[in-house]
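Below, chain A is the first sequence line, B the second, and so on; all start at residue 1.
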Amino acid sequence: MAENTPLPRPQAGPITSQLGRQQREPDYLNGLNPEQRDAVLSVDGPLLVLAGAGTGKTRVLTTRIAHILTTKRAWPSEILSVTFTNKAAREMKDRIGHLVGSSVEGMPWLGTFHSISARILRKHAELVDLKSSFTILDTDDQIRLIKQLLEAENIDEKRWPARQFAGMLDAWKNRGLLPKDVPSHDSDYFANGKGGKLYYDYQARLKALNAADFGDLLLECIRLFRENPDVLAEYHRKFKFMLVDEYQDSNTAQYLWLRLLAQGKPASEANICVVGDDDQSIYGWRGAEVDNILRFESDFPGAKVIKLERNYRSTANILKAASTIIAFNEGRLGKTLFTDIAEGGELVSFTQVYDSEEEARTIGDEIEQYQRQGEDLNSMAILVRASFQMREFEERFITLGVNYRVVGGPRFYERKEIRDALAYLRLVAQPADDLAFERIVNVPKRGIGDSTVKMLMETARSMNMPLLSATRALLETEELKPKQRTTLRSLVAQFDDWAWRAENMQPYQLVENILEESGYMDMLNADKSVESQGRKENLKELSRAMEEFDSLGGFLEHIALVMDRDSADASDAVTIMTLHSAKGLEYNTVFLPGWEDGTFPSQRSMDESGRAGLEEERRLAYVGITRGRKRVRISAAQNRRIHGLWQSAIPSRFIDELPPDAVEVTDKGSAYGGYGYGGGASSRFNKADPFESVYETPGWKRARANQESRKGGGPLTIEGELVARSVDLGGQSSGYALGERVFHLKFGYGEVTHIEGNKLTIDFEKAGTKKVLESFIRKG
DNA sequence: TCGTTCGAAATTTTT
DNA sequence: TTTCGAACGA
């Protein structure tokens with residue numbers, strides 16, 4: 001999707017072979033380079049396409065589909081084409097449409113893993129104990145449900161948070177594990193051995209609610225295929241070709257799912273094509289298994305492997321910086337990007353600033369300067385590691401009056417008001433949706449509090465019926481207090497009315513009626529806070545989005561799986577987003593702030609996943625740099641406020657890994673050097689660095705060896721340069737010795753416990769263990 | 001039942 | 001620093 005720009009793009013790859021062909025080649029092959037062409041034309045048998053950043057991956061995928069279609073090898077409905085995001089799916093649809101003419105009536109099996117699975121499940125729902133109308137729960141519902149289970153089991157929610165269990169569930173499901181498959185040492189951990197039982201209970205509850213969570217969509221689909229070979233065979237016959245995008249991001253469940261669907265033929269003949277880039281695998285923490293892509297050749301013996309390495313996006317300097325950094329990782333399939341684009345180009349810049357505020361100021365100034373030079377704000381982006389870093393930029397842009405847009409954040413359908421509205425709709429469509437019922441019985445406030453809800457739930461449980469039915473039953477008795485009884489009676493009556501109207505009314509009208517009649521709008525109107533205006537607009541947006549749906553059911557399916565963030569507005573604005581959400585995008589100018597050890601690479605990743613975590617962070621750095629077409633500007637702050645505490649920081653170890661000849665270093669922070677320390681108890685640098693000096697890791701040695709053999713360059717000495725500027729300490733050798741007593745202006749006296757270049761770990765008498773730059777201390 | 005107040009926690013998030 | 005959630009009191 002790097003290849004966002006529409007097709008006519010000058011990809012002037014030399015077309016070496018096939019010139020003497022008799023037939024004129026179809027138009028869609030024009031402008032493909034030999035490797036891309038090979039990947040498009042090799043349609044029979046398994047194929048692995050390793051596509052580096054900006055090498056035309058999406059173009060290959062779409063052209064390949066176009067090729068299959070125009071050569072009549074398959075009908076659109078016989079091609080299974082999977083992506084991870086709706087955005088990617090949509091883009092592929094569009095582009096295929098352009099290639100083969102919009103005559104092709106969509107591609108019914110082009111979509112995300114989840115939406116395709118949901119589609120299959122709805123068809124065979126009864127085989128996995130669901131009704132075809134099952135609801136899809138999102139994380140929010142999931143947590144609610146888990147909380148109820150925890151309460152039922154008398155588990156202290158403080159000690160064993162529902163979130164944590166949700167995470168474990170997610171991990172199990174990502175690994176394709178049904179309740180019976182979870183290894184006991186894994187499940188026993190939670191709540192003193194109750195984890196396994198909770199998983200069983202949770203699944204039982206889902207069935208009772210006629211619901212599936214995201215993980216289930218895949219997991220139940222796998223179960224369906226395994227337990228019903230005839231159903232699986234049906235899909236084997238149906239799908240003549242399979243294509244998978246971003247294969248490096250697939251998790252075990254998705255892998256199993258694909259394997260099952262590919263089993264229609266002997267592995268060596270399977271028409272499966274996967275496209276991916278092991279260097280861009282950044283979702284390991286969400287269960288993605290890079291191994292899947294590394295293993296492809298053994299899974300599908302005789303698979304053809306094509307590497308796309310010609311980059312059409314970035315300047316040579318940017319590519320060099322990216323390639324050099326990523327070479328520090330071990331366990332890669334190994335690709336090297338190269339480019340035809342202008343020799344060199346602007347150097348990648350690295351700037352050190354005093355604190356995050358100055359970082360925002362500096363970047364803001366630069367943006368205004370580029371803007372004056374005629375660049376669109378749309379062509380610039382700020383990519384951060386974590387969303388808390390965004391705030392400062394937003395504030396700065398507001399003061400400057402620079403337009404900006406934040407990508408990410410809570411997605412549209414995750415917003416409170418939208419979820420409330422959806423809960424009403426879900427309950428109308430599915431009276432058994434207890435989670436929806438609980439969500440809205442008292443929203444807006446109707447005087448139905450905990451105790452009433454408890455009573456309803458107990459009745460529901462004892463009579464074994466959904467909450468809404470239980471409410472009806474209770475209304476016939478004298479148990480409810482008069483006030484509550486009146487409110488509930490009218491609420492139930494309203495739902496009957498809405499359910500009736502749902503049959504005779506357009507969904508978008510229905511939602512407007514519901515919001516009005518339920519008092520939700522009144523609630524928002526009465527709320528004078530700034531947000532309520534926005535909420536009302538979001539609800540309008542919701543009803544607008546519903547206009548294209550004729551049935552409530554169809555809309556609910558769509559919203560659960562497909563609806564993503566607000567459509568990008570057309571205005572000119574700088575984009576602020578996380579590195580994760582930047583994957584697949586490109587900008588002329590990319591700012592990469594916050595390159596400080598602990599922030600990026602994130603301390604937590606390293607603590608939790610060790611070296612693998614560090615390598616994933618490095619891939620994130622690679623993704624970040626390769627987003628830039630013309631200009632990449634990296635920066636680091638010496639001081640950053642984290643959770644309200646000022647922390648001193650050291651430039652990211654990735655800075656040391658940049659190639660000196662492609663990078664220009666400026667050090668704004670040196671002017672304030674003496675103040676570059678933080679206060680407060682630092683927990684981030686408390687432990688000794690688990691990775692020793694970067695200069696001793698095998699990765700570094702290997703990368704360095706690679707570099708030297710490639711072009712005979714010298715050792716990397718960026719760190720030396722930095723040191724020279726900020727400290728006036730000539731060489732690399734540290735002026736301090738282990739165990740030496742030192743003094744720090746802020747932290748007081750301490751003892752050196754670890755030395756890493758010019759970074760010292762010091763055990764302070766009062767302030768605890770901290771990592772500081774040598775320039776901030778003197779001999780004690 | 002609802003509003004206030006205090007305390008703990010704090011990435012990244014395609015679905 | 002901020003935000004969210006649970007406990008407490010009217």
Side-chain angles (χ1 to χ4, degrees), chain A residues 1 82-90 111-118 136-139 142-143 147 156-158 161-164 166-167 170 173-174 212-218 245-246 248-251 253-254 280-288 383-392 407-411 413-414 416 442 444-454 481 483-484 487 559-565 577-584 594 598-609 613 616-617 619-620 623-624 640-646 680 683-684:
Chain A
M1 297 172 316
V82 220
T83 63
F84 281 82
T85 66
N86 294 303
K87 197 169 143 217
R90 211 176 316 124
T112 63
F113 276 100
H114 295 267
S115 63
I116 291 173
S117 294
I136 296 165
L137 299 190
D138 60 29
T139 334
Q142 226 181 334
I143 301 275
K147 277 191 180 158
D156 180 11
E157 230 243 272
K158 282 262 173 62
R163 287 214 163 271
Q164 191 188 348
D170 206 44
K173 292 189 173 181
N174 284 157
D213 62 21
F214 284 129
D216 276 354
L217 293 178
L218 282 153
D245 193 12
E246 305 275 17
Q248 78 283 350
D249 288 337
S250 61
N251 61 35
Q254 287 155 342
Q280 290 187 72
S281 160
I282 54 176
Y283 285 104
W285 51 274
R286 257 186 121 273
L383 310 182
V384 297
R385 172 64 243 259
S387 41
F388 70 81
Q389 293 167 256
M390 294 179 176
R391 180 108 127 259
E392 220 128 9
V407 175
R411 250 157 302 142
Y413 75 91
E414 279 170 7
K416 199 160 138 261
N442 205 26
K445 297 248 164 20
R446 304 191 166 87
I448 309 294
D450 281 351
S451 52
T452 313
V453 174
K454 276 251 162 59
K481 280 184 239 149
K483 199 168 154 225
Q484 278 77 356
T487 348
I559 192 113
L561 287 173
V562 184
M563 180 127 180
D564 43 19
R565 52 200 72 163
M577 64 182 149
T578 63
L579 287 161
H580 282 89
S581 38
K583 191 166 73 159
T599 301
F600 186 51
S602 123
Q603 191 61 45
R604 190 141 159 200
S605 286
M606 294 189 292
D607 288 347
E608 281 171 12
S609 316
E616 183 151 313
E617 297 284 307
R619 289 192 289 270
L620 213 38
V623 168
R640 182 174 296 278
R641 203 167 39 180
I642 295 179
H643 309 325
L645 289 174
W646 283 96
S683 57
R684 289 195 305 135

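- At a cut-off of 3.5 angstrom, the base of B/dT13 holds at least one donor-acceptor pair with the side chain of A/Arg286.
- Stacking of A/His643 onto the six-membered ring of B/dA10 is present: less than 5.5 angstrom between centres, less than 30° between planes.
- Where A/Glu608 and A/Ser250 meet DNA chain B, the nucleotide closest to each residue was compared, and A/Glu608 sits on the side nearer the 5' end.
- For A/Gln484, counting side-chain heavy atoms from C-beta on, the closest listed nucleotide (B/dT15, B/dT12, B/dT1) is B/dT1.
- Of the two residues near DNA chain B, A/Thr452 and A/Ser605, the one whose nearest nucleotide lies more 5' is A/Thr452.
- In terms of phosphate contacts, A/Thr578 brings a side-chain nitrogen or oxygen within less than 4.0 Å of OP1 or OP2 of B/dT13.
- Distance A/Asp213 CG to B/dT14 C1': 16 Å, rounded to the nearest Å.
- Here the closest heavy-atom approach between residue A/Ala89 and residue A/Gly111 is recorded as CB-CA, 4.0 Å.
- Atom CG in A/Asp138 sits about 17 Å away from atom P in B/dT13, given to the nearest Å.
- The side chain of A/Ala386 sits closest to B/dT12 out of B/dT12, B/dT1, B/dA10.
- Ring geometry for A/Tyr283 versus A/His580: interplanar angle of 30 to 60°, hence tilted.
- Counting any heavy atom pair closer than 4.0 Å across all strands shown, A/Phe113 reaches no nucleic acid atom.
- The side chain of A/Lys158 has C/dA6 as its nearest neighbour among B/dT12, C/dA6, C/dT1.
- No more than 12 heavy-atom neighbours from other residues, nucleotides or ligands sit within 6.0 angstrom of CG on A/Asp450.
- In this structure, A/Lys483 reaches neither bases nor backbone, as no heavy-atom distance under 4.0 Å exists between it and the strands shown.
- Neither OP1 nor OP2 of B/dT1 sits under 4.0 Å from any side-chain N or O of A/Asn442.
- Smallest separation of non-hydrogen atoms from A/Asn86 and A/Leu561: ND2-O, 2.9 Å.
- Checking the phosphate oxygens (OP1, OP2) of B/dT14, no side-chain nitrogen or oxygen of A/Gln254 falls inside 4.0 Å.
- Nucleic acid contact class of A/Glu616 (heavy atoms, under 4.0 Å, all strands): none.
- Counting any heavy atom pair closer than 4.0 Å across all strands shown, A/Lys481 reaches sugar-phosphate atoms only and no base atom.
- Put simply, CG on A/Leu218 is 12 Å from C1' on B/dT14, counting in whole angstrom units.
- Note on A/Thr83: nothing from the nucleic acid sits closer than 4.0 angstrom, heavy atoms only.
- Considering NZ of A/Lys481 and OG1 of A/Thr452, their distance stands at 5.5 Å, rounded to 0.5 Å.
- Separating the CZ atom of A/Arg163 from the P atom of C/dC4 is a distance of 11 Å, rounded to the nearest angstrom.
- Remark: A/Lys147 is not in phosphate contact with C/dG5, judged by side-chain N or O atoms under 4.0 Å from OP1 or OP2.
- Taking atom CH2 of residue A/Trp285 and atom P of nucleotide B/dT15, one finds them 12 Å apart after rounding to whole Å.
- Minimum atom distance to the side chain of A/Arg604 is reached by B/dT11, of the listed B/dT13, B/dT11, B/dT15.
- Proximity note for A/Asn86 (side chain, C-beta onward) versus B/dT15, C/dA6, B/dT11: the nearest is B/dT15.
- Rounded to a whole Å, the CD atom of A/Gln164 is 11 Å from the P atom of B/dA10.
- The aromatic rings of A/Phe388 and A/His643 sit tilted, their planes meeting at an angle between 30° and 60°.
- Comparing B/dT13, B/dT15, C/dT2 against the side chain of A/Thr85 picks out B/dT15 as the nearest.
- Residue A/Asn174 has no polar side-chain atom (N or O) positioned under 4.0 Å from OP1 or OP2 of B/dT15.
- Between the P atom of B/dC2 and the CG atom of A/Asp450 lies a distance of 9 Å, rounded to the nearest Å.
- Of the possible donor and acceptor atoms, one in the side chain of A/Gln389 sits under 3.5 Å from a partner among the backbone N and O of A/Ala386.
- Rounded to an integer number of Å, the gap from A/Leu645 CG to B/dA10 P is 15 Å.
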